[in-house]
Colleague: 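Structure provided below as structure tokens; questions to follow.
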Amino acid sequence: MALRVDYVVRETATNLKRNLTLTFATVVTIAIALTLVGTSLLMKQGVNRSNVRFRGNVQTIVYLKADASQDQIDAVGRGLDQNPNVQSKKYLNHDEANAEFREIFVDEPAIRDSLTPAETPTSYKVHVKNASSEVVDSLKSQFQVMPGVFEVMADNDNIRRQEDSFAKFRSFSLLFAAVVGATSLVLIVNSIRIAMFARRREIEVMKLVGATNWFIRIPFMAEGLVQGILGSAAGIGIVLALRAWLLPTLVSGGGIWAGFRLEFTDVQGTGIVMLIAGAMVGIFGSAVAATRFLDV
């Protein structure tokens, strides 16, 4: 029996209208679950962006003066190589340092464009073997006084404290999202099974005249897909609102949110993930419900 698009659309709309209250509850539940998932993903991306200077477990940065001679730069490099606490180092020349500077201040054009590559201090990014406060302090004391060194920054403690705080938020969000997501699956399954039970006589007749299980199942899967997409859209809207209204307030308040940054591309990518996840939840839940009913 051929499956027509107009039949699927008509049956899907009928099922959604028949269970309007349950459909609304399902959409809201999916939206809440995906909002939590999206928020946790954006937290991770925001922390990565705010910690761009110290990305990759860098504990210390040795900033050199813009006019430091090559001999002074080499001397600092040799000192790092000879220090037993240093695991590895990476040198950033003027162009690389300027590119990183522009990335850090991407949202502040006045600061971002204030330095040319030649004016941007070069630096060494340093990994230490034991990231204890004593080791980091000893590195600062040793290299801060060397000729050609402008400043030694070691903000590892603050960064770890920020990352630990956001990791706890993400873990709680993902755990709560898993619980709410399971609830949304149950709601979808119940919604589809109620719709199929209400049409059980019609389904029996359809099977008697040769309709396959897939012919009967597809409209109900389309119903679950619509519920998932509507829930995803609502969740994406909530995430956009949080970024536009709540995030600036949190960032301006300082604390662990200081320096937290999100680009529109971060939200865009997360939105795509949320949309796909919502659609998959809807399809999977409805497929399970329809299969169980048809197998009875």
Side-chain angles (χ1 to χ4, degrees), residues 21-55 102-112 155 158-188 224-285:
T21 303
L22 194 53
T23 296
F24 178 76
T26 303
V27 170
V28 171
T29 308
I30 293 175
I32 294 173
L34 291 179
T35 297
L36 293 169
V37 172
T39 301
S40 65
L41 292 175
L42 289 176
M43 280 184 178
K44 182 178 181 180
Q45 296 173 27
V47 170
N48 287 340
R49 287 190 178 277
S50 66
N51 293 341
V52 63
R53 288 177 299 174
F54 294 89
R55 187 176 297 152
R102 293 178 68 83
E103 183 180 356
I104 294 171
F105 295 102
V106 65
D107 293 330
E108 302 178 56
I111 300 177
R112 181 191 64 202
D155 203 23
N158 288 334
I159 289 174
R160 285 189 174 178
R161 186 160 52 248
Q162 183 190 48
E163 290 178 339
D164 288 343
S165 298
F166 280 110
K168 293 176 182 177
F169 283 137
R170 290 198 305 271
S171 298
F172 173 78
S173 297
L174 289 175
L175 178 61
F176 193 43
V179 174
V180 179
T183 304
S184 65
L185 270 176
V186 172
L187 285 173
I188 291 173
L225 175 62
V226 171
Q227 292 174 344
I229 291 177
L230 290 175
S232 300
I236 292 171
I238 296 172
V239 169
L240 287 173
L242 290 174
R243 176 183 179 270
W245 300 334
L246 182 60
L247 183 59
T249 302
L250 293 174
V251 172
S252 62
I256 63 171
W257 294 93
F260 191 93
R261 292 194 300 110
L262 284 175
E263 302 293 339
F264 180 75
T265 53
D266 297 329
V267 181
Q268 189 178 47
T270 301
I272 293 173
V273 172
M274 292 170 65
L275 188 63
I276 294 174
M280 294 302 295
V281 167
I283 292 174
F284 177 75

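Quick caveat: nothing in here was measured; it's all calculated off a predicted structure.
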Colleague: My understanding is that only residues two or more places apart in sequence, or in another chain, count here; which of them pass side chain to side chain contact (heavy atoms under 4.5 Å, CB included) with Ile276?
Modeller: Ile272, Met280
Colleague: Go through the structure and list residues passing side chain to side chain contact (heavy atoms under 4.5 Å, CB included) with Ala277, not counting sequence neighbours.
Modeller: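 Side chain to side chain contact (heavy atoms under 4.5 Å, CB included) check on Ala277 returns Leu34.
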Colleague: If you measure from CD on Gln268 to OG1 on Thr270, what distance do you get to the nearest 0.5 Å?
Modeller: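 The OG1 atom of Thr270 is 10.0 Å from CD of Gln268, to the nearest 0.5 Å.
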Colleague: List in chain and number order the residues that pass side chain to side chain contact (heavy atoms under 4.5 Å, CB included) with Phe284, two or more places apart in sequence or in another chain; answer none if no residue qualifies.
Modeller: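 Counting only residues at least two positions away or on another chain, Phe284 forms a side chain to side chain contact (heavy atoms under 4.5 Å, CB included) with Leu185, Val288.
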Colleague: Distance-only check: which donor-acceptor pairs under 3.5 Å involve side-chain atoms of residues 231-238, not counting sequence neighbours?
Modeller:
{"residue": "Ser232", "atom": "OG", "partner": "Gly228", "partner atom": "O", "Å": "2.8"}
{"residue": "Ser232", "atom": "OG", "partner": "Met274", "partner atom": "O", "Å": "3.1"}

